[in-house]
Amino acid sequence: MKSQEELETERITLKETKKKFNELTVFLDEDDAEKTATLFLRKPDKHVRSLISTILSRPGQGSKAVEAVLRNLYIGGDNIDEVCKNDYAIASADEAVVEMLQVHKAVLKKN
């Protein structure tokens with residue numbers, strides 16, 4: 001895991017180059033809230049949304065979908081492999097990933 005100083009340096013560099021990105025902090029151990037990993041993720045695009053739809057069309061693939069999102073959107077932060085190989089970390093990221101993939105619904109007005 002990277003130190004807070006390393007993460008801050010990377011965060012500043014990404015703000016200069018990417019402008020907008022998501023920062024996700026996941027828990028690595030249910031018994032120790034101090035063990036976390038920070039991932040920097042780009043905004044989801046059509047390709048990622050399509051990939052997730054395909055994965056989720058098969059029953060029981062929820063954790064694989066979360067892992068696919070994390071791997072496809074990862075642009076920096078702590079080691080992605082350490083997060084994706086940790087079942088607790090994937091479960092920790094689940095709700096945040098769902099929230100990140102949500103889009104605003106269009107408003108339809110009938111005149």
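These figures come from a predicted structure and were not determined experimentally.
In terms of hydrophobic clustering, with Ile, Leu, Val, Met, Phe, Trp and Tyr side chains grouped at heavy-atom distances under 4.5 Å, Phe40 and Val69 are assigned to different clusters. Cluster membership for Ile80 and Leu101, using ILVMFWY side-chain heavy atoms within less than 4.5 angstrom, is shared. Two different hydrophobic clusters hold Leu41 and Ile75 under the rule that ILVMFWY side chains link at heavy-atom gaps under 4.5 Å.
Crowding of Asp87 atom CG: a count of heavy atoms from other residues, nucleotides or ligands under 6.0 Å not exceeding 12. Within 6.0 Å of NZ in Lys64 there are 12 or fewer heavy atoms belonging to other residues, nucleotides or ligands. By the 6.0 Å contact criterion, NZ on Lys43 is enclosed, its count of non-hydrogen atoms from other residues, nucleotides or ligands being greater than 12.
Between the Asp78 side chain and the Leu39 main chain, no donor and acceptor come within less than 3.5 Å of each other. Under a 3.5 Å cut-off, the side chain of Ser50 and the backbone N or O of Lys46 do not form any donor-acceptor pair. At distances below 3.5 Å, at least one donor-acceptor pair connects side-chain atoms of Arg42 with backbone N or O atoms of Asn72. In this structure, Ser92 contributes its side chain and Tyr88 its backbone to no donor-acceptor pair below 3.5 Å.
Residues Arg11 and Phe21 approach most closely at O-CZ, 3.9 Å, considering heavy atoms. Closest approach of Leu70 and Cys84 over heavy atoms only: CB-SG, 4.4 Å. Minimum heavy-atom separation, Pro44 to Met100: CG-O, 3.7 Å. Closest heavy-atom contact between Leu28 and Ala89: CD2-CB, 3.7 Å. What you find for Leu7 and Gly77 is that their closest heavy atoms are CD2-CA, 3.9 Å.
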Check: Can Asp81 and Arg71 be said to form a side-chain contact (heavy atoms from CB on, under 4.5 Å), step by step?
Finding: CA-CA 9 Å; Asp81 289 328; Arg71 287 191 183 279; 2.8 Å; yes
